[in-house]
Amino acid sequence: MLTDKKVPVGQALAPFLVQEACPDQVRGLEALIWAHQRACPDEEECWDSHCLDDRMGMRQADCSSGVWVMADSRDRRPLAAMYLDFALTADGMGLLHVRHLLSDPERADESPEKLMATWAAHYAAHRPAAVREVHVHSMCPLALALRPSPAVQRREQLVSHGRRRLVETRLPQRVPSLTALVATGPDIVDGQPYEVLPIRSGDCAALVHCLQEAGVTGRAEDYPTGGARGSSRGRIVMGHGGLAAAFTLRTKATGVPGSWPAEDKPALHLEQLRLLDPGCDLGLLVWLTGWAARQGHDQGLSVVRMAVTQRGLAGQLGDLGWRNTRVRATPGGLAWLLELHTPQAGRDRDAGGVTR
C-alpha cells in the first residue's frame, strides 16, 4: 500500500497527493503545462507538453485520458503530471510506460518529476497486474539534460522522426519511505487479486501469442481496441502471475454464433471469454462475477449476459449465480446462454474491483 489507508480529499497527511486527473483539475494542469513551456529552453521541441495537453483534451471529451497528477495536499495545485500506459508482453507480463512527465519549474527544488517517477515504480510494484519493468519516456529538452536517478537501470537515447527521445528503465520497487511524502487518491487498485485493463492496438499480437501458448483459441479481431469510454472494447484480466483472461465488453449483443438472438431488455454483454490459467479458474471466475455485477450496476443495467461453449465452464458459472437461460446449437457446437442479475442500488458494492 502507498499509505496506511485511503486518504479522503481534504484530509491528506502527506505533503503530496497522487491521483488520476479529474475534470476540476483541468485549469491547474493547463497552468502547469504553460509554466513548463515557459521554462523549457525550446518550447517547440517540448513534445511532452504538447502531448500531455492533447491527453487532457481527451479527458474533457469524456475519454479515459490516463493522466495522473501529483498535487500539493494543501491547495490541490498540480505540481507534476504524467500519462501512464500499460502494455502486454508476449509472455503475458506487463510493461508500465510513463510518458509526458512534466513538473512545475517553480518547485524544482523539490524535484517533483523525480518523485513522481519513483511513485510510478512503487505503484507498479503493488498493483495486481504483474509489471516487469517501468519505462520512463522523455521528449523534453529539460528532461534530456537531467542527471539520471540511481534507481534507473538502463538509459537510452533514441531518435525517431528526427526527434530525440530518452527512455529510462526502472524496476518495480516498493519504497516504504515514500508514504511519508506521497498519499494517494481513491483511484489506486488496492487489495484486489486481479485488475481489468483495456486492450491496446499494440497488445493484439502479444495477446494472440499468449492464447496460442496456452492452447486457447482466439483471434485479435475478437477483441476490439478502439472506441471511447463505454463503447465495445476488448479487455484483459491481469494478476500477480501475469495475463489471466481476456474478454470483450459490450452494451449490445453482436449477433455472432452463440450470442443472444434479440435484445428484450438492456444488458451488459461479456463475450469471447478466454481463461489462460486453468489452475486458477474458480478463483478468477468468482472475482470476475463480482466485477461483472458491479460494472452492470455502475452502468445502470440490471442484467449481465454471457455465452460460453464449454459445458464445464457453464456449470461453474451456474454455481456462482449465473442462470442458464437456454442452450443453442451453433456451427461450432452448443452454446450456453447465461444471465447474471446485478445488485440493486443501495446494496453493498465492495465485491468487484476496478477497470480502466
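In this text the structure is predicted, and so the values were computed from the model without any measurement.
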Handout entry: N/O donor-acceptor pair under 3.5 Å between Arg235 side chain and Arg233 backbone
Key = yes

Problem - N/O donor-acceptor pair under 3.5 Å between His50 side chain and Glu43 backbone - result: yes

Problem - Residue Arg155 excluded, over 12 heavy atoms near CZ under 6.0 Å - result: yes

Fill in the blank from the handout: Which of Ser138, Ser103, Ser149 passes side-chain hydrogen bond (donor to acceptor under 3.5 Å, both in side chains) with Glu113? It is Ser103

Handout entry: Side-chain heavy atoms of Asn324 within contact of Leu337, under 4.5 Å
Key = no

Problem - Any Met70 side-chain heavy atom under 4.5 Å of Leu115 side chain - result: yes

Practice task
Tell me yes or no: between the side chains of Arg27 and Gln25, is some donor less than 3.5 Å from an acceptor?
Solution key: no

Handout entry: Between CG on residue Leu313 and CG on residue Leu285, distance to nearest 0.5 Å
Key = 6.0 Å

Exercise for the section: Using the side-chain contact (heavy atoms from CB on, under 4.5 Å) rule, take Val131 and Leu95 through it: C-alpha gap first, then chi angles, then the decisive distance, then the call. Expected result: CA-CA 5 Å; Val131 175; Leu95 294 176; 5.9 Å; no

Exercise for the section: Indicate whether any N or O donor in one side chain lies under 3.5 Å from an N or O acceptor in the other, for Gln310 and Trp336. Expected result: no

Fill in the blank from the handout: Between Ala245 and Leu284 the two heavy atoms that sit nearest each other are CB-CD2, 3.8 Å

Practice task
Considering only NZ, NE, NH1 and NH2 on the basic side and carboxylate oxygens on the acidic side, decide whether Arg127 and Glu195 come within less than 4.0 Å.
Solution key: yes

Practice task
Find the distance between CG (Leu288) and CG (Leu270) and round it off to the nearest 0.5 Å.
Solution key: 5.5 Å

Practice task
Report yes if some heavy atom in the side chain of Cys40 is under 4.5 Å from a heavy atom in the side chain of Glu45; otherwise report no.
Solution key: no

Problem - Test item: Thr225 side-chain N/O and Cys204 main-chain N/O as donor-acceptor pair under 3.5 Å - result: no

Practice task
Indicate yes or no: does Glu339 engage Arg326 in a salt bridge with an N to O separation below 4.0 Å.
Solution key: no

Practice task
Run the ring-centre check on Trp68 versus Tyr83 and record whether the distance is less than 6.0 Å.
Solution key: no

Exercise for the section: Over 60° means perpendicular and under 30° means parallel, so classify the ring planes of Trp291 and Trp287, tilted if in between. Expected result: parallel

Completion exercise
Here the gap from Leu79 atom CG to Leu32 atom CG, rounded to the nearest 0.5 Å, amounts to 8.0 Å

Practice task
Answer yes or no: is there a donor N or O on one side and an acceptor on the other, between the side chain of Thr330 and the main chain of Gly333, under 3.5 Å?
Solution key: yes

Handout entry: His137 and Leu166: CA distance, side-chain angles, deciding distance, side-chain contact (heavy atoms from CB on, under 4.5 Å) verdict
Key = CA-CA 6 Å; His137 303 254; Leu166 175 67; over 6 Å; no

Exercise for the section: Assess whether side-chain contact (heavy atoms from CB on, under 4.5 Å) is satisfied between Gln295 and Leu268, documenting all intermediate values. Expected result: CA-CA 8 Å; Gln295 291 300 303; Leu268 186 67; 3.8 Å; yes

Practice task
Measure the NE2-CD distance between His36 and Glu106 for me, rounded to the nearest 0.5 Å.
Solution key: 13.5 Å

Problem - Side chains of Met82 and His100 in contact at under 4.5 Å (non-hydrogen atoms) - result: no

Problem - Connected via hydrophobic side-chain network under 4.5 Å: Val327 and Leu338 - result: yes

Exercise for the section: Output yes when a side-chain donor or acceptor of Tyr194 lies under 3.5 Å from a complementary backbone atom of Ala244, and no otherwise. Expected result: no

Practice task
I would like to know whether Arg174 and His122 meet side-chain hydrogen bond (donor to acceptor under 3.5 Å, both in side chains); could you show each step before the answer?
Solution key: CA-CA 5 Å; Arg174 293 178 182 267; His122 186 85; 5.7 Å; no

Handout entry: Test item: side-chain donor near acceptor, Gln37 and Ser49, under 3.5 Å
Key = yes

Problem - Note: Arg76-Asp72 ion pair, threshold 4.0 Å (strictly below) - result: no

Practice task
Would you name the heavy atoms of Leu29 and Ala81 that are closest together and state the gap between them?
Solution key: CD2-CB, 3.6 Å

Practice task
May I ask you to test the Met238-Phe86 pair for a side-chain heavy-atom distance under 4.5 Å?
Solution key: yes

Fill in the blank from the handout: All heavy atoms of Val304 vs all of Gly296, minimum pair found to be CG2-CA, 4.4 Å

Problem - Min side-chain heavy-atom separation Thr309-Leu334 under 4.5 Å - result: no

Handout entry: Arg274 side chain to Thr217 backbone, donor-acceptor under 3.5 Å
Key = yes

Completion exercise
Distance col, row Cys46:SG vs Arg38:CZ, nearest 0.5 angstrom, shows 13.0 Å

Fill in the blank from the handout: Heavy atoms of Ala314 and Val308 approach each other most closely as CB-CG2, 3.8 Å

Practice task
Work out which heavy atom in Trp119 is nearest to a heavy atom in Leu178; give both atom names and the distance.
Solution key: CA-CD2, 3.7 Å

Exercise for the section: Output yes when a side-chain donor or acceptor of His135 lies under 3.5 Å from a complementary backbone atom of Thr169, and no otherwise. Expected result: no

Problem - Basic-acidic side-chain contact under 4.0 Å: Asp48, Arg99 - result: no

Problem - Non-hydrogen side-chain atoms of Leu320 and Val286 separated by less than 4.5 Å - result: yes

Handout entry: Sidechain-backbone polar pair: Thr342 side chain, Leu301 backbone, donor-acceptor under 3.5 Å
Key = yes

Handout entry: Interatomic spacing from CG in Leu249 to CD in Gln299 - rounded to 0.5 Å
Key = 6.5 Å

Exercise for the section: Please confirm whether the backbone N or O of Pro15 pairs with a side-chain atom of Ser73, one donor and one acceptor, at under 3.5 Å? Expected result: yes

Practice task
Decide, yes or no, whether a salt bridge links Arg250 with Glu271 under the criterion of side-chain N to carboxylate O below 4.0 Å.
Solution key: yes

Practice task
Kindly check if the number of other-residue, nucleotide or ligand heavy atoms within 6.0 Å of CD (Gln153) is above 12?
Solution key: yes

Practice task
Look at the side chain of Asp203 and the backbone N and O of Arg200, then say whether any donor-acceptor pair between them is shorter than 3.5 Å.
Solution key: yes

Fill in the blank from the handout: Nearest heavy-atom approach of Thr179 to Ala14 is O-CB, 4.1 Å

Practice task
Kindly determine whether His209 and Leu207 satisfy side-chain contact (heavy atoms from CB on, under 4.5 Å), including the steps that lead there.
Solution key: CA-CA 5 Å; His209 179 78; Leu207 174 61; over 6 Å; no

Practice task
Decide yes or no for Arg77 and Asp104: does some side-chain heavy atom of the first lie under 4.5 Å from some side-chain heavy atom of the second?
Solution key: yes

Practice task
Answer yes or no: is there an ion pair linking Glu133 with Arg154, defined by an N-O contact shorter than 4.0 Å?
Solution key: yes

